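What you are looking at is a predicted structure, and each value in this text was computed from that prediction instead of being measured.
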Amino acid sequence: TNADWYTVVGGDGEYAVPAPSDPNIIYTDAQNGFIERLDKRTHLSHFVRPYMKSVESTSPADLKYRFNWTSPIAVSPHDANEVYLGSDVVFKSTDGGQSWTPISGDLTRNDKSKQPVAGGPVNHDISGAESYDTILAITLAPSDGKVIWVGTDDGRVQVTRDGGKNWTRVDSNIPGAPQWARVYQVGVSPFDPGTAYVAFDAHELDDRKPFVYKTADYGKTWTSIAAGLPQAPVVVVREDPNLRGFLIAGTEQGLFYSHDAGGHWDRLKAHFPTAPVWDLKFVADDHDLVVATHGRGFFVFDDLRPFEQWNAAVAGAEFHLFEA
């Protein structure tokens, strides 16, 4: 019922990220990186944005830090007070947002010609939704906390292997990647911090083809794994923590899965609607998959083990008993 729900952040609401080590602590943000730290035990929240100026008062080109309408949040799996927030730089806090330190320079293209005050002549568009050259994705490698992957709304992919001391731009190594396309998510392998999956959404550039790539060497080389996917933008690809090489892709036309790290793809049906999928999260202990759609709400696939155990022999058998 409505009584089972409660508000975690105001505004339009963007990310809500419970700390893995303490689910009572939830980091949430409204538009433009207006981040708060909520403690479920007291239901008290604290506003902890690291930079006070915003597009309401300052031209985007003149802001020291630019935040996307949907600014990404990442939280350490081991420390509920270690949190990351993306603007055009990566901010890090080790005290729950009371203080912040930039651990990168500007990781975007920072094209000032694309940072004007939008709108006019009567009213300007200064909501922040028009901000550009910003970070859209921050992913902490599950197997190495010093490895952080970043994707931006202007087509940049960056990685650090030392917790932010040094960053390497790796999108220039990706063959055929569209320039200026959006990178909404970076899927990092649970087994290897140097293996990542990146999708580029170029539909706003009038290109609706799938652009999906894999690297196994921290972005030095990339391979396209888009063959077999529908002619539609792909937003997210993530790897199952219970089965190496088993991938789920979220596209504008639903879900697809691969047993061979993207070599071949099949549609994941199971009565799932043909809806845009914008994010995925595996729940390792329960073998569940949480799916966030654009327009159809959340879905949970309860127990993926039949998909994980599927192979040609199973497909050809008259009867097969799946392991629980």
Side-chain angles (χ1 to χ4, degrees), residues 14-17 70 72 136-137 139 142 149 151 177-178 181-191 195-204 207-215 223-312 314-315 320 322-324:
E14 309 299 338
Y15 277 98
V17 184
T70 307
L136 285 179
T139 305
W149 291 81
R182 294 180 184 266
V183 181
Y184 284 105
Q185 307 290 346
V186 180
V188 182
S189 172
F191 309 97
T195 297
Y197 308 91
V198 173
F200 293 83
D201 177 8
H203 85 270
E204 291 174 303
D207 190 341
R208 299 190 60 83
K209 294 191 294 293
F211 296 97
V212 191
Y213 301 88
K214 173 191 174 182
T215 181
T223 303
S224 173
I225 56 171
L229 290 169
Q231 291 299 296
V234 178
V235 178
V236 57
V237 176
R238 299 202 188 278
E239 185 175 12
D240 187 340
N242 290 308
L243 182 61
R244 192 167 192 152
F246 182 60
L247 308 181
I248 304 285
T251 82
E252 289 288 317
Q253 296 182 9
L255 289 166
F256 290 77
Y257 68 97
S258 171
H259 274 100
D260 54 6
H264 302 84
W265 294 95
D266 293 292
R267 182 180 290 275
L268 200 163
K269 297 179 182 178
H271 302 294
F272 185 79
T274 303
V277 175
W278 279 52
D279 207 356
L280 304 164
K281 182 175 179 60
F282 289 93
V283 183
D285 292 344
D286 298 323
H287 293 258
D288 290 347
L289 176 70
V290 183
V291 183
T293 74
H294 186 68
R296 292 293 299 271
F298 278 94
F299 290 78
V300 177
F301 278 89
D302 183 14
D303 200 337
L304 280 170
R305 275 173 284 198
F307 283 99
E308 294 169 344
Q309 298 169 28
W310 189 263
N311 56 41
V314 173
H320 178 80
F322 290 98
E323 297 179 13

- Query: What orientation do F272 and F301 show, parallel under 30°, tilted 30 to 60°, or perpendicular over 60°?
  - Reply: tilted
- Query: Should the ring pair W310 and F322 be called parallel, tilted or perpendicular, given that the plane angle runs from 0 to 90° and is split at 30 and 60?
  - Reply: parallel
- Do any N or O atoms from the side chain of R296 and from the backbone of A275 form a donor-acceptor pair under 3.5 angstrom? no
So, do [X] and [Y] sit near enough that their side-chain heavy atoms are less than 4.5 Å apart?
{"X": "N311", "Y": "H259", "result": "no"}
{"X": "K214", "Y": "T195", "result": "yes"}
{"X": "L304", "Y": "F282", "result": "yes"}
{"X": "V234", "Y": "Y197", "result": "no"}
{"X": "I248", "Y": "D240", "result": "no"}

- Given side chain to side chain contact (heavy atoms under 4.5 Å, CB included), test Y257 with L247 step by step and report yes or no. CA-CA 5 Å; Y257 68 97; L247 308 181; over 6 Å; no
Do you know which two heavy atoms are closest between [X] and [Y], and how far apart they sit?
{"X": "A181", "Y": "D201", "value": "CB-O, 3.5 Å"}
{"X": "D260", "Y": "S258", "value": "OD1-OG, 2.8 Å"}
{"X": "I225", "Y": "L229", "value": "O-CD1, 4.1 Å"}
{"X": "V314", "Y": "Q309", "value": "CG2-O, 3.7 Å"}
{"X": "Y184", "Y": "A137", "value": "O-CB, 3.3 Å"}
{"X": "Q231", "Y": "Q253", "value": "O-NE2, 4.2 Å"}

How many angstroms lie between atom [atom1] of [X] and atom [atom2] of [Y], to the nearest 0.5 angstrom?
{"X": "R267", "Y": "T251", "atom1": "CZ", "atom2": "OG1", "answer": "6.5 Å"}
{"X": "F246", "Y": "E239", "atom1": "CZ", "atom2": "CD", "answer": "10.5 Å"}
{"X": "L289", "Y": "D303", "atom1": "CG", "atom2": "CG", "answer": "11.5 Å"}

- Query: Does a sphere of radius 6.0 Å around NE2 in H320 hold more than 12 heavy atoms from other residues, nucleotides or ligands, not counting ones at 6.0 Å or beyond?
  - Reply: yes
- Query: Looking at D266, T274, L268, which hits side-chain contact (heavy atoms from CB on, under 4.5 Å) with L255?
  - Reply: L268
- Task: Give the C-alpha distance, both sets of side-chain angles, the deciding distance and a yes or no for side chain to side chain contact (heavy atoms under 4.5 Å, CB included) between E252 and W278.
- Result: CA-CA 8 Å; E252 289 288 317; W278 279 52; 3.6 Å; yes
